[in-house]
K.L.:
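Supplied in structure tokens, the structure appears directly below.
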Amino acid sequence: MVTRYSSLSTRKLSNALKILTSDKSIVAMCDYNEYYKTIKRHILTSTLGSNAQKRHHVHRDIMINNITQQFHTLVELHPSEAVNFRNVFQSELFGLSLKQAIGKDVESIYVEELGAVLSRKEIFEILVIDPMEGAIEVDWRDFFPYLKWIPNKGFEKRIQQMYSHREAVMKALIKEHMKRIASGEEINCYLDYLVSEKNTLSEQQILMLLWEAIIESSDTTAVVTEWAMYELSRNPEKQNRLYQDIQNICGYDKITEEKLCHLPYLSAVFHETLRRHSPVPIVPLRYAHEDAQLGGYHIPAGSEIAINIYGCNMDKKIWDSPEEWNPERFLDGKGDLMELHKTMAFGGGKRVCAGALQAMLISCVTIARLVQDFKWRLKDGEEENVDTLGLTNTKLNPLLAMMEPRN
Ligand code: HEM
């Protein structure tokens, strides 16, 4: 994937993805060409690169404070009830992704094309949940391209509806943003950046790129953080080791991003969760547009390549007891980190995930802060709830945990 990049960097899309990505208008699904290079630069410069992430620091600080505040309130009000981790975290993460994308979180919005005011929950469903489900919709014609002239009305109607609802909501969000700009409000977000590039981007491209930043920021980070909290709640000794490490480094102060580099065990928890619960179990299909060699195999031009990250991470020849969640496997005898890249969780080569830094910052600070503030334990019966659904290995049933505030 790294050295044979030039032969393997093109994407091959299913019919559903062709429609939902407006025929490869977004960074993650685009072919490797000049358009790709330009839009990858845009998203890194304005949102996901390390300088941009420094500028967005404030959104993450607010987010983590809101999260802990909400958990404290829930535990105070209902001390003997289990807390639904996802309800709180997913909503705050969506808020953060809106702030980075359009400069503001929204409670509701009037959508002209749908003739209705949509709540924040409905906006989330249309922008994130529905397209994630649509992305794995199977059209039997994907497997028989020479029969593509036969209609598949049910499939087309479902995907087309997802497409038009998303289009309508995104247009409404962009319109609101333009009104705020016109009223003199100073905003610094991805949309401002994209609008400043409007000589080289069409309105449709701007809409799609903005939506991409929202959906990608809202999903996989939530998946890995929820699985990490599940594993820590299930493994009290490992939770305790993490807590002691955090206390040694932070004392009575709350964890901050600046402290992450001093917490190797926290990093090991994050990477072991990526290994055991791969949020992207299969790298989006690559297409060999010329003959190539990969891992000792000859790949003829025209082949589609699916890299099975889940399979590699559960391979007994590579990992001892791969089914066990064991962060210690990423530490050497001295407690230093090693071999993090081995999980390939963020892909590899030039098409490596652009949001890896953001995902790591949000997930690690959230995990650490929640362990600093509370002792976690699974609700009785929750241990068996390990089924998953969807494209990104989402926990089927939201994590339910008992949380006891620490002094
Ligand atoms: C734990 C969280 C995440 C995981 C495991 C993950 C994983 C991946 C993987 C496996 C790829 C494909 C790489 C390849 O083809 O080799 C990818 C691409 C990408 N991801 Fe992520 N991702 C995560 C979070 C994010 C976030 C928060 C964003 C923010 C918007 C993001 C944006 C992207 C983009 C733009 C690409 C396309 C990169 C390119 O083709 O050049 N990801 N990600």
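Ligands are counted one by one from 1 in listed order, and the atoms in each one are counted from 1 as well.
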K.L.:
What part of Arg11, side chain, backbone, both or neither, has a heavy atom within less than 4.0 angstrom of ligand 1?
P.N.:
side chain
K.L.:
Please identify which atoms of ligand 1 are closer than 4.0 Å to at least one heavy atom of Val27.
P.N.:
40 (O)
K.L.:
Quick one: does Ile43 get within less than 4.0 Å of ligand 1, heavy atoms only?
P.N.:
no
K.L.:
Using a 4.0 Å cutoff against the non-hydrogen atoms of Thr221, which atoms of ligand 1 qualify?
P.N.:
27 (C)
K.L.:
Indicate every side-chain donor-acceptor pair of residues 268-275 with a distance under 3.5 Å to a residue at least two apart or in another chain.
P.N.:
residue, atom, partner, partner atom, Å
Glu272, OE1, Arg275, NE, 2.8
Glu272, OE1, Arg329, NE, 3.2
Glu272, OE2, Arg275, NH2, 2.9
Glu272, OE2, Asn326, N, 2.6
Glu272, OE2, Arg329, NE, 3.1
Thr273, OG1, Val269, O, 2.7
Thr273, OG1, Trp325, NE1, 3.2
Arg275, NH1, Asn313, O, 2.8
Arg275, NH1, Pro322, O, 2.9
Arg275, NH2, Pro322, O, 2.8
Arg275, NH2, Glu324, O, 2.9

K.L.:
Between Thr47 and ligand 1, which part of the residue brings a heavy atom under 4.0 Å of the ligand: side chain, backbone, both or neither?
P.N.:
neither
K.L.:
Looking only at distances, please establish whether an N/O atom of ligand 1 is found under 3.5 Å from an N/O atom of Lys40.
P.N.:
yes
K.L.:
Would you call the rings of His59 and His56 parallel, tilted or perpendicular, taking 30° and 60° as the class edges?
P.N.:
parallel
K.L.:
What part of Met344 sits under 4.0 Å from ligand 1 if we count only heavy atoms: the side chain, the backbone, both or neither?
P.N.:
neither
K.L.:
Angle between ring planes, Phe374 versus Phe71, binned at 30° and 60°: parallel, tilted or perpendicular?
P.N.:
perpendicular
K.L.:
For ligand 1, which atoms, with element, lie under 4.0 Å from some heavy atom of Val352?
P.N.:
38 (C)
K.L.:
Considering Phe270, Phe346, Tyr190, Trp227, which one's heavy-atom position lies nearest to atom 6 (C) of ligand 1?
P.N.:
Phe346
K.L.:
Could you tell me how the ring of Trp140 sits relative to the ring of Phe144: parallel (under 30°), tilted (30 to 60°) or perpendicular (over 60°)?
P.N.:
tilted
K.L.:
What atoms of ligand 1 come closer than 4.0 angstrom to any heavy atom of Arg286?
P.N.:
14 (C), 15 (O), 16 (O)
K.L.:
Should Tyr36 be counted as touching ligand 1, given the test is an N or O pair under 3.5 Å?
P.N.:
yes
K.L.:
Can you list the ligand 1 atoms lying under 4.0 Å from a non-hydrogen atom of Val283?
P.N.:
14 (C), 15 (O), 16 (O)
K.L.:
For atom 20 (N) of ligand 1, which candidate among Ser218, Ser363, Cys353, Ala222 holds the nearest heavy atom?
P.N.:
Cys353
K.L.:
If you take the nearest heavy atom of each of Glu216, Gln358, His277, which one is closest to atom 30 (C) of ligand 1?
P.N.:
Glu216
K.L.:
Can you tell whether the side chains of Arg241 and Glu328 come within less than 4.0 Å, N to carboxylate O?
P.N.:
yes
K.L.:
Enumerate the atoms of ligand 1 whose separation from the nearest heavy atom of Ala359 is less than 4.0 angstrom.
P.N.:
1 (C), 2 (C)
K.L.:
Taking only Lys NZ, Arg NE, NH1 and NH2, and the carboxylate oxygens of Asp or Glu, determine whether Asp387 and Lys395 approach each other closer than 4.0 Å.
P.N.:
no
K.L.:
Using the ring of each side chain (for Trp, its six-membered ring), is Phe124 parallel, tilted or perpendicular to Phe94, with breaks at 30° and 60°?
P.N.:
perpendicular
K.L.:
With a 4.0 Å cut-off, would you call Lys379 and Glu382 a salt bridge?
P.N.:
no
K.L.:
From the options Ala345, Gly348, Gly347, select the one whose nearest heavy atom is closest to atom 7 (C) of ligand 1.
P.N.:
Ala345
K.L.:
Verify the distance criterion only: is there a donor paired with an acceptor across the side chains of Arg60 and Gln53 at less than 3.5 Å?
P.N.:
yes
K.L.:
Decide yes or no for Tyr35 and Cys30: does some side-chain heavy atom of the first lie under 4.5 Å from some side-chain heavy atom of the second?
P.N.:
yes
K.L.:
For ligand 1 and Arg351, I'd like to know whether there is a polar contact (N/O to N/O, distance under 3.5 Å).
P.N.:
yes
K.L.:
Only pairs under 3.5 Å count here: list side-chain donor-acceptor contacts from residues 245-252, not counting sequence neighbours, and write none if there are none.
P.N.:
residue, atom, partner, partner atom, Å
Gln247, NE2, Gly251, O, 3.2
Asn248, ND2, Gln244, O, 3.4

